[in-house]
Each structure stands twice: as structure tokens, then as C-alpha cells.
Engineer: 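Pasting a structure below so you can have a look.
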Amino acid sequence: MTGEGIRFTDFEMIFSNNKDLMTINELYAIGPSISLLMEGYIQSESLISLRGTLVPATTINKTISSIPLIGDLLIGKKVGEGVFGVSFKIKGPPKNLKTTVNPIKTLTPRFITRTLEKIKKN
């Protein structure tokens, strides 16, 4: 996944297949300019449902994360996360996918989003 345009230097995907269903537990791709974190499922040729976060300015976020205390607070320890990210969902049949972006999560620093997600789970 390297070459011209946007490239990724690291890629990892944890998934499982069960007949016509592929479940993506975690997918992340990290590059010098952008990172992608995603999860969801692909049901054969009938339905795709993915959600994730696109984190721009990977190099800048790495620099911020290296600042003691502030880096941990703003970015945390998760690989590929940044101060700001674009949360998105992709859903629908393969030939008619709909993409939506959550504008509130787009403007929310990642540590606030993670805190709210933990509170919601409890």
C-alpha cells in the first residue's frame, strides 16, 4: 500500500470469516499523512457496514503524542489516533454504498470521545 498519492506504511486487520460473513474486528492503516481505524462487517454480496475514524496529519499527531503528559492526555496510547479525526460510517449494498460523517465527533479531541465511549459502555 505504498506508491504515488496517499500511502500507508503499516497495515493490520483482525477479522474472521463465517460462510458469507466477514467480521472486521479491527483494521488500521497508518501512513505519514493519514491514519485509518475501522471495524464492521461485509455480508457476501448483499451488505457492507463499516465505521471508523480517519485521522489526518499523522506526523503532527506523533509529535504531539511524544510530549510528556500532554501527549497522553490528548492522543493517548492507541496507535493511529490523533487530536482530531473524522468519524464516518459506510453502509449499504456493495453497488450503492452510503457514507455519512459525524460532524460532532470530527471536531472533538480523541480523548473526550474515548472518555464518552467508556461512560456509555458502563
Side-chain angles (χ1 to χ4, degrees):
M1 295 175 66
T2 62
E4 294 294 318
I6 296 174
R7 67 182 192 276
F8 298 102
T9 54
D10 295 273
F11 177 85
E12 185 173 321
M13 184 166 104
I14 300 168
F15 70 98
S16 62
N17 282 320
N18 186 2
K19 296 184 182 178
D20 292 340
L21 178 68
M22 174 192 279
T23 303
I24 300 170
N25 298 76
E26 182 178 80
L27 176 149
Y28 74 84
I30 300 171
S33 60
I34 199 162
S35 295
L36 174 67
L37 300 140
M38 201 163 45
E39 65 183 16
Y41 62 90
I42 300 170
Q43 191 170 10
S44 187
E45 297 178 19
S46 60
L47 182 64
I48 295 174
S49 179
L50 303 168
R51 67 183 179 137
T53 304
L54 197 61
V55 180
T58 303
T59 305
I60 293 169
N61 284 315
K62 280 184 184 177
T63 304
I64 293 170
S65 71
S66 68
I67 300 170
L69 195 60
I70 294 172
D72 287 344
L73 181 63
L74 291 177
I75 296 177
K77 303 262 187 239
K78 278 192 169 181
V79 175
E81 285 200 340
V83 177
F84 297 98
V86 178
S87 293
F88 65 90
K89 289 183 182 179
I90 300 170
K91 192 165 188 172
K95 296 185 186 227
N96 191 23
L97 293 173
K98 304 286 185 219
T99 303
T100 57
V101 175
N102 184 334
I104 294 172
K105 281 190 174 183
T106 300
L107 299 174
T108 307
R110 305 316 301 155
F111 78 97
I112 294 173
T113 304
R114 281 197 311 269
T115 301
L116 292 174
E117 285 172 357
K118 286 183 182 179
I119 289 170
K120 189 177 177 181
K121 284 182 183 179
N122 293 332

Engineer: What pairs meet the salt bridge (charged side-chain N to carboxylate O under 4.0 Å, His left out) rule with one or both residues in residues 20-30, with sequence neighbours excluded?
Structural biologist: none

Engineer: Do I24 and L21 sit in the same hydrophobic cluster, where Ile, Leu, Val, Met, Phe, Trp and Tyr count as joined when their side-chain heavy atoms come under 4.5 Å apart?
Structural biologist: no

Engineer: Pairs of donor and acceptor atoms involving the side chains of residues 37-49, under 3.5 Å and at least two apart or interchain, shall be tabulated with distances.
Structural biologist:
residue	atom	partner	partner atom	Å
E39	OE2	R51	NE	2.9
E39	OE2	R51	NH2	2.4
S46	OG	Q43	O	3.0

Engineer: Find the distance between OH (Y28) and CG (L36) and round it off to the nearest 0.5 Å.
Structural biologist: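 Between atom OH of Y28 and atom CG of L36 there are 12.0 Å.
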
Engineer: What pairs of donor and acceptor atoms, side-chain ones from residues 88-100 against any protein atom, are under 3.5 angstrom apart with sequence neighbours left out?
Structural biologist:
residue	atom	partner	partner atom	Å
N96	OD1	K98	NZ	3.2

Engineer: So do L27 and F11 actually touch side chain to side chain, heavy atoms under 4.5 Å?
Structural biologist: yes

